[in-house]
There are 2 protein chains.
Amino acid sequence: MEKNDRLLTPGEVALMFRVDPKTVTRWASAGRIGSIRTPGGHRRFRESEVSVLLADLTVEANQQQR
Amino acid sequence: MEKNDRLLTPGEVALMFRVDPKTVTRWASAGRIGSIRTPGGHRRFRESEVSVLLADLTVEANQQQR
DNA sequence: CATGAGTAGGGTAATTGGGGCA
DNA sequence: TTTGTCCCAATTACCCTACTCA
């Protein structure tokens with residue numbers, strides 16, 4: 001399902017989740033999110049995977065009550 | 001639909017409504033407000049949705065006067 | 001090669017989640 | 001029924017310095 005394999009930096013992912021870039025780094029270290037390493041050690045994340053996380057985690061309450 | 005996807009933390013939303021952050025959490029659990037979860041389990045809220053809710057409060061205040 | 005922005009580390013403080021109670 | 005509060009464990013945010021990226 002990789003129609004778009006664009007790689008995102010920790011800062012970009014942090015913006016999407018409204019968290020600190022450091023937090024994104026911890027997610028990668030903890031294996032909660034896949035990451036690619038540059039030869040220099042910096043992490044890169046697949047946009048497709050990040051999008052799935054955002055979309056999936058958004059579903060918390062579909063049935064609204066009033 | 002989502003022109004402004006800025007996300008807010010529970011604490012920020014709590015300040016806007018002048019309630020305890022715990023209350024905001026309960027709103028999310030009850031489905032009264034949509035929420036996004038970080039991979040770590042923390043919630044984030046869409047500013048656009050929060051704004052709508054605040055606007056609703058304003059409407060109620062107006063209706064109270066008629 | 002030099003520069004500025006971003007990132008990797010590590011350490012510590014602040015928020016948050018969840019249950020239960022008032 | 002909704003909100004606030006106390007508890008503890010987990011997650012996240014901010015501090016620093018050194019290194020990588022473009």
Side-chain angles (χ1 to χ4, degrees):
Chain A
M1 294 295 197
E2 57 279 346
K3 39 189 173 184
N4 195 351
D5 280 29
R6 193 162 76 93
L7 293 180
L8 302 176
T9 64
E12 290 171 332
V13 178
L15 250 40
M16 298 173 68
F17 281 94
R18 181 56 166 91
V19 294
D20 194 273
K22 204 70 161 189
T23 300
V24 179
T25 292
R26 287 196 221 90
W27 293 343
S29 299
R32 296 188 213 260
I33 182 175
S35 63
I36 307 291
R37 288 277 205 159
T38 67
H42 286 198
R43 297 185 180 84
R44 297 285 117 97
F45 306 90
R46 296 195 176 281
E47 186 184 39
S48 57
E49 186 177 359
V50 175
S51 298
V52 169
L53 280 177
L54 273 174
D56 204 47
L57 296 173
T58 302
V59 185
E60 162 153 358
N62 277 348
Q63 61 281 349
Q64 287 190 358
Q65 177 190 2
R66 72 160 324 282
Chain B
M1 210 164 164
E2 59 283 346
K3 39 191 171 186
N4 197 350
D5 285 48
R6 284 202 304 165
L7 297 179
L8 301 174
T9 64
E12 290 170 337
V13 177
L15 286 176
M16 296 173 69
F17 283 93
R18 292 211 160 274
V19 294
D20 194 272
K22 192 83 168 182
T23 300
V24 179
T25 292
R26 292 196 179 105
W27 293 344
S29 298
R32 300 181 185 280
I33 180 175
S35 65
I36 296 176
R37 311 278 297 225
T38 67
H42 284 201
R43 296 185 182 85
R44 296 284 114 102
F45 305 91
R46 297 190 182 280
E47 187 190 35
S48 57
E49 189 174 358
V50 173
S51 299
V52 170
L53 290 176
L54 284 173
D56 288 344
L57 293 180
T58 302
V59 169
E60 288 190 16
N62 288 340
Q63 287 177 346
Q64 181 181 4
Q65 193 168 11
R66 57 188 292 268

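Every chain is numbered from 1 and lettered A, B, ... according to where its sequence line falls, protein lines coming before strand lines.
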Subject >> Of the listed nucleotides C/dT15, C/dG18, D/dT3, the one nearest the side chain of B/His42 >> reply: C/dT15

Original post:
Any side-chain N or O of A/Trp27 less than 4.0 Å from the OP1 or OP2 oxygen of D/dT12?
Top reply: yes

Original post:
Heavy atoms under 4.0 Å, any strand shown: does B/Arg26 hit a base, just sugar-phosphate, or nothing?
Top reply: base

Subject >> A/Thr25 side-chain N/O to C/dA8 phosphate OP1/OP2 under 4.0 Å >> reply: yes

**OP:** Just name whichever nucleotide pairs with D/dT3, Watson-Crick or G-U, keeping both distances under 3.5 Å, else none.
**Re:** C/dA22

**OP:** Please determine if B/Glu12 and A/Arg18 form a salt bridge, counting it only when a charged side-chain N lies under 4.0 Å from a carboxylate O.
**Re:** yes

**OP:** Using whole Å, report how far NZ of A/Lys22 lies from P of D/dA13.
**Re:** 12 Å

Subject >> Minimum-distance nucleotide to B/Thr38 side chain [options: D/dT11, D/dT3, C/dA8] >> reply: D/dT11

Original post:
Can A/Ser29 and A/Arg43 be said to form a side-chain hydrogen bond (donor to acceptor under 3.5 Å, both in side chains), step by step?
Top reply: CA-CA 10 Å; A/Ser29 299; A/Arg43 297 185 180 84; 3.3 Å; yes

Original post:
Expressed in angstrom and rounded to an integer, what is the separation of A/Asp20 atom CG from C/dT15 atom C1'?
Top reply: 13 Å

**OP:** Locate the shortest heavy-atom distance separating B/Val24 from B/Pro10; write the atom from each residue and the value.
**Re:** CG2-O, 4.1 Å

Original post:
Should we say atom CZ of A/Arg37 is surrounded by more than 12 heavy atoms from elsewhere, each under 6.0 Å from it?
Top reply: yes

Original post:
Taking the side chain of A/Thr9 as heavy atoms from C-beta outward, which of C/dT7, D/dT12, C/dG18 is closest to it?
Top reply: C/dT7

**OP:** Return the 5'-most residue of the pair A/Arg44, A/Arg18 with respect to DNA chain D, ranking by each residue's nearest nucleotide.
**Re:** A/Arg18

Original post:
How far apart are the closest heavy atoms of B/Gly34 and B/Phe45, and which atoms are they?
Top reply: O-CD2, 3.4 Å

Original post:
Counting side-chain heavy atoms from C-beta on, which of C/dG9, D/dG4, D/dT12 comes nearest to A/Arg43?
Top reply: C/dG9

**OP:** Look at A/Arg37 and D/dC21 and indicate whether a side-chain polar atom (N or O) is within less than 4.0 Å of OP1 or OP2.
**Re:** no

Original post:
Between B/Glu12 and A/Pro21, which has a closest nucleotide on DNA chain C that is more 5'?
Top reply: A/Pro21

Original post:
Does any nucleotide pair with C/dC1 by Watson-Crick or G-U wobble geometry, both distances under 3.5 Å, and what is it?
Top reply: none

Original post:
Which nucleotide in the list D/dT12, C/dG9, D/dT2 gets nearest to the side chain of B/Arg32?
Top reply: D/dT2

Original post:
From C/dT7, D/dG4, C/dT16, pick the nucleotide closest to the side chain of B/Pro10?
Top reply: C/dT16

